[in-house]
2 protein chains.
Amino acid sequence: MVKEMVAVMGSKTEEFKEEKEIFLEHIQKSGLRRTAQRDLILEVFLRTEDHLSSEDLYWLVQKEDPNVGQTTVYRTLKLLTEAGLAREVRLGDGRTYYEHHFDHEHHDHMICTECGEVIEFFSAEIEELQDQMAEKFNFKPTHHSLRILGICGECQKLEREQSVASGAQPRVRVKTTLN
Amino acid sequence: MVKEMVAVMGSKTEEFKEEKEIFLEHIQKSGLRRTAQRDLILEVFLRTEDHLSSEDLYWLVQKEDPNVGQTTVYRTLKLLTEAGLAREVRLGDGRTYYEHHFDHEHHDHMICTECGEVIEFFSAEIEELQDQMAEKFNFKPTHHSLRILGICGECQKLEREQSVASGAQPRVRVKTTLN
DNA sequence: CCAATTATTGAAACAGTTTGCATAAACAAA
DNA sequence: TTTGTTTATGCAAACTGTTTCAATAATTGG
Ligand SMILES: [Mn+2]
Ligand SMILES: [Mn+2]
Ligand SMILES: [Zn+2]
Ligand SMILES: [Zn+2]
């Protein structure tokens, strides 16, 4: 019984071994300290394959340890970004989201302004053309951010149905004031 | 003398005739009213060919009429955007900039993270590829936002000089954490 | 001119994020 | 271990850009 628990916890700790090593290394290299809350936040982040706001992550972490504060989550997400484990993503609603960076290919996003769905895509051709453009202006690009806003397939379908039946009633509109 | 003044003021009012008509039309169509502050804000906006934050514009307007409030500038910029005269631009520092939209071609931006310089560019190929990408995902694009962050030619030059001479001292770094 | 409607204003509210500070936890030296 | 030094934490308060509120002012149409 105890053995099983140990086994479970063991597997839990095994799971993202590489990422955790990277984090530890970054922690040490920066003269910081390993703490329970940092470990937990990293753990929860790693097993959530999604675009998470600091608050999203905060609530997930809360469920497992109600003593972790918002500020710590903010601070830890910054650390994870520095360590190369997380990447900041702006989807256009004013908050900052984070996604996995380690072992994840670069990509850009399409965002549905009706339902908020996020589609990830990558185009080597676009990337190439961006570099060409930069070169033309003697500009040395470090990174970029490409967002395509519009209506996802699902929402297009619903739109069609609704416009036929009742007097077109728009659904929950996602706030995309844009950032 | 008076004639001259009238002439000057006349030319001033002639200057952006088309834009002003569009604005008036929008005002009327929306059941709003033409006011001195709206006229002034539009005027100042139109003669400033730049990426202006609401606050930037506020200060410019202040110089000509100290009785215009920030709030009015915010609201008027929103009106201008609705009317198709202005376009919102996020350069990545958390604030919203506005640029001329009427009679101005669509373009995207390169932003120097050293000095903040903004380079406008347009690539029909990139636009085309974006549409193809969207189509592939059955996504109906309405607009997009492409930013290339990096170092402008001028800053690259300075970097080179400095790294040769003194112990590389970075210049004013523009805050581009955000958005 | 009056009454009703609508706009403007500065101040206060707001959201997301950051900072200051007192306390707690890490960790290395003894 | 115990101790001492340094860092992390969580809370509250500060901050930034923007929006809302409530009172005042301006405009309109009778
Ligand atoms: Mn993503
Ligand atoms: Mn521009
Ligand atoms: Zn959708
Ligand atoms: Zn530069």
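Given the structure is predicted, the values throughout are model-derived calculations rather than measurements. Residue numbering restarts at 1 for every chain, and letters A, B, ... go by the order of the sequence lines.
Distance from the side chain of L32(A) is smallest for dA8(D) among the nucleotides dC11(D), dA8(D), dT18(D). Of the candidates dT9(D), dC27(C), dT18(C), the closest approach to any side-chain atom of T72(A) belongs to dT9(D). Taking every side-chain heavy atom of R33(A) into account, dA8(D) is the closest of dA8(D), dT19(D), dT17(C).
OP1 or OP2 of dT17(C) has at least one side-chain nitrogen or oxygen of T96(A) nearer than 4.0 Å. Residue K78(A) places at least one side-chain N or O under 4.0 Å from the OP1 or OP2 atom of dT18(C). Between Q37(A) and the phosphate of dG10(D), there is a side-chain N or O to OP1/OP2 separation shorter than 4.0 Å. The phosphate of dT7(D) has neither OP1 nor OP2 within less than 4.0 Å of any side-chain N or O from T35(A). Side-chain N/O atoms of Y74(A) include none lying less than 4.0 angstrom from OP1 or OP2 on dT18(C).
One interatomic measurement links the two molecules: CZ of R95(A) to P of dT17(C), which rounds to 8 Å at whole-angstrom precision. Rounded to an integer number of Å, the gap from CD of Q28(A) to C1' of dT6(D) is 16 Å. Going from atom CZ of R75(A) over to atom P of dC11(D) covers 11 Å, rounded to whole Å. One interatomic measurement links the two molecules: CD of Q70(A) to C1' of dT18(C), which rounds to 12 Å at whole-angstrom precision. Taking atom CZ on F23(A) and atom P on dA8(D), their separation rounds to 10 Å, with Å as the unit. For the pair L52(B) CG and dT18(D) P, the interatomic distance rounds to 13 Å; values are reported in whole Å. In this structure, D65(A) places its CG atom 14 Å from C1' of dA25(C), rounding to the nearest Å. The CD-P distance, from Q62(A) to dG10(D), rounds to 9 Å in whole Å.
In this structure, V68(A) and Q37(A) approach most closely via the heavy-atom pair CG2-CB, 4.1 Å.
Position along DNA chain C of the nearest nucleotide to Y58(B) versus S30(B) favours S30(B) as the more 5'-ward residue.
Looking at R87(A) and T81(A), their side chains never bring a donor and an acceptor atom within 3.5 Å of each other.
The shortest side-chain heavy-atom distance between L85(A) and I22(A) falls under the 4.5 Å cut-off.
Taking a cutoff of 4.0 Å between a charged side-chain nitrogen and a carboxylate oxygen, R47(A) and E43(A) qualify as a salt bridge.
R38(B) comes within contact range of the sugar-phosphate backbone alone, with a heavy-atom separation under 4.0 Å but no base atom that close.
Sorted by first and then second residue, the salt bridge (charged side-chain N to carboxylate O under 4.0 Å, His left out) pairs involving residues 51-63 of chain A (not counting sequence neighbours) form an empty list.
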